[in-house]
Amino acid sequence: MKLLELQQTLRACVRATAATKFDIALESVVAEIPPRTELGDLAFPVAFELAKRIKQATGQKANPRALAEELKVALEAEPNVARVEVAGAGYLNVFFDRAALLAQFAALDVSSDANGAVAQDAKRKIIVEHTNINPNKAAHIGHVRNAVLGDAFVRVLRATGAEVEVDNYIDNTGVQVADVVVGFMHVEQLTRADVRALDESLPPEHPFDYYCWDLYARVGLFYRNGDADAKEDPARLQLRAEVLHALEAGDNETAALADYVATRIVECHLQTMARLGIRYDLLPRESDILHLGFWQRAFERLKETSTIRFETEGKHAGCWVMPTDLHEGTDEHEADKIIVRSNGTVTYAGKDIAYQLWKLGQLGLDFYYKPFRTYEDGHTVWVTTSEPLPHRVYVPYSTNMQDVPTHPHFGGGQVVYNVIDSRQSYTQDVVRRGAAAVAPDVGEAASVHLAYEMVALSPAACEELGFELSAEDRARPFIEMSGRKGLGVKVDDLINRLEADALAEVEARHADLSQDEKLKTAHLIAIGALRYFLLKWTRNSLIAFDFKEALSFEGETGPYCQYAAVRANSIFRKLDPATLNEAHELIGAMGANEDTAAAVGQVFAGASGDELWSLVTLAARLDEVIAQAATQEEPAHLAKYAFQLARAFNLFYHRHRIIAEEDAARRAVLIQIADLVRRQLTNALSTLGIGVPERM
RNA sequence: GCUCCCGUAGCUCAGUGGAUAGAGCAUCUGCCUUCUAAGCAGAGGGUCGCAAGUUCGAGUCUUGCCGGGGGCACCA
């Protein structure tokens with residue numbers, strides 16, 4: 001019996017009793033976890049509502065306490081319930097059978113099937129799209145908030161049993177790629193062959209994405225004739241327009257250069273993300289959406305369904321617009337959203353509606369696919385193409401020509417989550433409504449904008465990066481990053497720093513470890529620190545990035561949580577196998593041996609017993625927290641829980657000597673609790689994408 | 001102008017309509033001969049922006065106001 005199942009059973013019991021005894025049909029039964037263990041394990045503040053409903057139905061006044069007493073009798077008859085108290089004006093406080101539940105929790109195998117009870121999503125295919133970084137420069141900390149949030153959410157969904165496809169959209173024909181192409185062609189006067197040679201000559205500590213980071217900032221200056229405060233020069237902007245035009249047309253040398261740049265940058269991004277444990281299933285590319293006519297098909301369907309209309313007069317004459325009521329129109333801003341410009345070209349929102357329809361399986365067109373990269377464990381990331389492949393191709397990262405493996409079925413999600421920062425809420429609303437208007441069966445609920453606030457820099461972080469600030473800027477709470485200015489914290493730089501700091505700590509504590517083990521440990525700690533740092537904030541909280549905070553391994557951090565798990569594991573590394581076995585047997589034998597059951601019950605008695613039991617129930621709550629993180633679309637809940645559990649364990653670890661405990665029943669209980677906590681904590685961290693090292 | 005989000009301890013943030021509002025950081029005081037001190041304990045610190053309303057019950061829901069941020073391009 002899992003905690004979540006027990007809760008559901010008890011809720012059902014309350015509902016059934018309300019129906020049979022009082023003839024009241026409760027839609028939902030609110031259950032609450034009391035603030036302190038002494039007040040019970042589960043509380044139902046249901047008697048107040050029942051009293052009100054009875055009065056409404058019969059006109060008779062009912063006493064909440066009396067109603068609670070009736071419910072108490074029913075609840076006490078349920079298995080695993082030790083007793084029920086009626087408290088205050090009518091609270092029902094349920095106390096579980098501690099010894100019996102500990103034995104049941106001990107028997108559960110958390111790793112194989114953490115959340116079978118909440119696998120309601122098992123039959124639906126869910127698509128989560130995240131990362132979506134413009135392939136023109138190195139990834140910065142803001143990009144990685146998107147990726148880590150998306151990846152953690154994917155892990156949460158998978159933990160509930162859902163089938164999830166992870167897409168990372170590649171905007172390889174947009175302005176940002178065009179800008180870097182302008183940089184190579186017109187600032188540096190390089191050909192495609194030159195760029196390739198340059199790329200191959202770059203040192204590992206300053207790779208291609210770093211080079212483009214700097215080049216992109218230089219192009220920003222180039223457009224302004226070298227003066228950062230000047231206006232952009234129209235003649236130079238014309239170069240960008242020409243490049244964009246060439247990219248859209250395809251099949252020319254400029255497009256080939258852009259493809260080289262974008263593909264190499266995507267390789268860099270995937271490498272960076274792989275360091276963080278983030279992987280994808282598919283990389284859909286904008287160029288393929290263009291070449292395969294996704295927009296034309298979507299355009300037809302938007303017209304057929306009258307989702308968009310052609311304007312013959314007014315400000316938008318000659319445009320196709322989508323009427324919206326998302327905000328009221330004013331002189332400055334029309335309420336309607338332009339989908340097709342008067343020159344016949346489609347806007348970003350229009351293209352995105354087409355792509356969203358594909359993701360929902362509602363477009364009636366598909367991409368072609370080829371393998372992009374295969375990880376060590378054999379997982380392949382695919383990329384879209386515009387043409388079918390020959391039967392045998394060169395597969396990247398392998399040495400031979402191979403038969404093209406058959407690709408999985410991509411797209412066609414019942415629900416599509418787009419992880420995009422909250423500044424794009426308006427466009428996402430337009431996309432959701434447009435897609436739903438074309439495919440009413442699917443509806444708006446199928447398109448979810450998983451919005452989050454951006455990562456900005458604290459003024460101190462800006463100065464640490466070598467950017468001069470005005471007095472005014474220094475007083476601001478945060479400063480927005482800018483790729484165009486080259487202002488930002490590159491993810492690889494940050495990971496390198498975290499790994500170096502972690503390595504220094506590991507060196508100091510475990511000089512005996514091999515170099516390989518030290519590096520591996522430092523890596524796990526660094527990634528744990530970074531991922532936790534990005535996940536501990538709720539989505540709508542803006543992160544003002546601060547080096548001191550991000551580089552910390554103490555307090556509410558990933559390493560703190562990892563450390564608790566490492567401590568728990570070290571108990572079992574040192575524990576004599578016979579003692580461990582004895583503990584398992586003692587807990588397992590409780591059902592058959594009354595003396596043992598009484599002894600275990602005694603361990604859980606009193607204030608000390610309450611303290612131990614509160615750790616057990618906290619640990620047992622993992623699947624409930626994961627289900628909550630999934631339905632509320634908030635991985636931060638799980639991060640907070642992991643920290644809370646680690647904190648509770650550290651206190652337990654400090655107060656009790658487990659191996660040295662002489663009383664057999666007490667020792668068995670302590671061992672069982674430590675074992676339960678380490679399994680649940682490891683599982684919680686793994687669902688956040690955080691690994692636990694052997695030692696730290 | 002319209003619209004969305006935010007306002008909780010000195011700072012940064014958690015907080016399903018439910019019991020005495022919590023963490024981390026910072027400050028101060030203790031605790032390493034122990035299964036790892038990346039730890040633990042303790043102290044100080046609150047008009048939950050303001051006002052009204054709904055409710056048995058409001059930090060949480062509604063409305064108004066004040067303050068801050070984002071969005072509302074024939075950009076992406």
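Here is how names work: the chains are called A, B, and so on, in the same order as the sequence lines, proteins then strands, and each is numbered from 1.
Comparing the same atom, P, in rG67(B) and in rG22(B) gives a spacing of 32 Å after rounding to whole Å. If you take atom P in rU36(B) and the same atom in rC40(B), they sit 16 Å apart, rounded to whole Å. Look at the C1' atom in both rC13(B) and rG18(B): the space between them is 24 Å, to the nearest Å. Atom name C1', nucleotides rC48(B) and rA43(B): the rounded distance is 23 Å, in whole Å. Annotation: rG71(B) and rG53(B) have their C1' atoms spaced 31 Å apart (nearest Å). rG46(B) and rA23(B) have their P atoms separated by 15 Å, with the value rounded to a whole Å. For rG15(B) and rC6(B), the C1' atoms lie 15 Å apart once the distance is rounded to whole Å. Comparing rA26(B) with rU34(B), their C1' atoms sit 31 Å apart, to the nearest whole Å.
If you take NE2 of His449(A) and P of rG70(B), they are 17 Å apart, rounded to a whole angstrom. To the nearest angstrom, P of rG69(B) lies 14 Å from CD1 of Ile479(A). Separating the CZ atom of Phe478(A) from the P atom of rC13(B) is a distance of 10 Å, rounded to the nearest angstrom. Taking atom CD of Glu556(A) as the reference point, atom P of rC40(B) lies 13 Å away to the nearest angstrom. When rounded to the nearest whole Å, the span between CG of Asn134(A) and P of rA76(B) equals 12 Å. Counting to the nearest Å, the P atom of rG68(B) and the CG atom of Leu542(A) are 16 Å from each other. The separation between Asp429(A) atom CG and rC4(B) atom P is 10 Å, rounded to whole Å. Atoms CD (Gln424(A)) and C1' (rG70(B)) sit 12 Å apart, rounded to a whole Å.
Among the heavy atoms of the strands lying under 4.0 Å from Leu651(A) are primed sugar atoms or P, OP1, OP2 only; no base atom is included. Nucleic acid contact for Ala43(A): base, since at least one base atom lies under 4.0 Å from a heavy atom of the residue. Ala502(A) comes within 4.0 angstrom of no nucleic acid atom, judged by non-hydrogen atoms across all strands. Asp171(A) comes within 4.0 angstrom of sugar-phosphate atoms only, judged by non-hydrogen atoms across all strands, and of no base. Here Gly555(A) lies in heavy-atom contact (under 4.0 Å) with sugar-phosphate atoms only. Residue contacts for Ala31(A): at a heavy-atom cut-off of 4.0 Å it reaches a base atom on one of the strands shown. Val340(A) comes within 4.0 angstrom of no nucleic acid atom, judged by non-hydrogen atoms across all strands. As judged by a 4.0 angstrom heavy-atom cut-off over every strand, Arg695(A) is placed among the base-contacting residues. The residue Arg567(A) sits close only to the backbone: its heavy atoms come under 4.0 Å of sugar-phosphate atoms, none of a base.
For Glu32(A), the listed nucleotide lying nearest its side chain is rA19(B); candidates were rA19(B), rC56(B), rA76(B). Closest to the His316(A) side chain, of the nucleotides rU36(B), rG71(B), rC74(B), is rC74(B). Side chain of Lys52(A), nearest nucleotide from rA19(B), rC56(B), rA23(B): rC56(B). Closest to the side chain of Ser570(A), out of rC74(B), rG24(B), rU36(B), is rU36(B). Distance from the side chain of Pro34(A) is smallest to rA19(B) among rA23(B), rA19(B), rA37(B). The listed nucleotides are rC72(B), rA76(B), rU12(B); the one nearest the side chain of Tyr426(A) is rC72(B). The Phe553(A) side chain lies nearest to rA38(B) when the options are rG18(B), rG24(B), rA38(B). Of the listed nucleotides (rA19(B), rA38(B), rG18(B)), rA19(B) has the atom at the smallest distance from the side chain of Asn93(A). Comparing rG15(B), rA76(B), rU36(B) by their closest approach to the side chain of His637(A) singles out rG15(B). Comparing rG18(B), rU12(B), rG39(B) by their closest approach to the side chain of Trp537(A) singles out rU12(B).
In this structure, Tyr563(A) does not pack face-to-face on the six-membered ring of rG39(B), missing the 5.5 Å centre cutoff or the 30° plane limit.
Tyr532(A) and Ala639(A) get closest at one heavy-atom pair: OH-O, 3.0 Å.
Listed for the Thr173(A) side chain is no donor-acceptor partner under 3.5 Å among the backbone atoms of Glu248(A).
Not one side-chain nitrogen or oxygen of Tyr91(A) sits closer than 4.0 Å to the OP1 or OP2 atom of rG57(B). One finds a side-chain N or O of Asn540(A) lying less than 4.0 angstrom from the OP1 or OP2 phosphate oxygen of rC6(B). Dashed line: the shortest gap from a side-chain N or O of Lys574(A) to OP1 or OP2 of rU36(B) is under 4.0 Å. Residue Arg341(A) has a polar side-chain atom (N or O) positioned under 4.0 Å from OP1 or OP2 of rA76(B). The side chain of Arg423(A) contributes no N or O atom lying less than 4.0 Å from OP1 or OP2 of rC4(B).
Checking rG67(B) for Watson-Crick or G-U wobble geometry (two distances, each under 3.5 Å) identifies rC6(B) as its partner. Summarising the base pairing, rG39(B) is matched to rC31(B) through a Watson-Crick or G-U wobble pair whose two defining distances lie under 3.5 Å. rC61(B) is paired with rG53(B) under the Watson-Crick or G-U wobble criterion, all donor-acceptor distances under 3.5 Å.
Checked by distance alone, Ser342(A) brings a side-chain donor or acceptor within 3.5 Å of a matching partner on the base of rC74(B). Between the side chain of Arg509(A) and the base of rA38(B), at least one donor-acceptor pair of N or O atoms lies under 3.5 Å. Taking 3.5 Å as the limit, the base of rA76(B) and the side chain of Thr427(A) contain a donor-acceptor pair of atoms between them.
Checking each of Arg667(A), Arg655(A), Arg666(A) against Glu661(A) for a salt bridge (charged side-chain N to carboxylate O under 4.0 Å, His left out) leaves exactly one that passes, namely Arg666(A). Under the ring pair (Phe, Tyr, Trp, His ring centres under 6.0 Å) rule, Tyr560(A) has a single partner from Phe649(A), Phe553(A), Phe533(A), Phe643(A), which is Phe643(A).
No more than 12 heavy atoms of other residues, nucleotides or ligands sit less than 6.0 Å from atom CZ of Arg695(A). Crowding of Glu313(A) atom CD: a count of heavy atoms from other residues, nucleotides or ligands under 6.0 Å not exceeding 12. Residue-environment remark: CD (Glu85(A)) exceeds the threshold of 12 foreign heavy atoms within 6.0 Å.
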Would you please test Ile265(A) and Asn136(A) for side chain to side chain contact (heavy atoms under 4.5 Å, CB included) and show each step?
CA-CA 6 Å; Ile265(A) 298 286; Asn136(A) 75 326; 5.7 Å; no
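Aromatic pair Tyr169(A)/Tyr355(A): ring centres closer than 6.0 Å.
Phe545(A) does not carry Arg145(A) over the face of its six-membered ring by the limits of under 6.0 Å from the centre and within 45° of the normal.
Glycosidic conformation of rC4(B) is anti; the angle lies outside 90° of 0.
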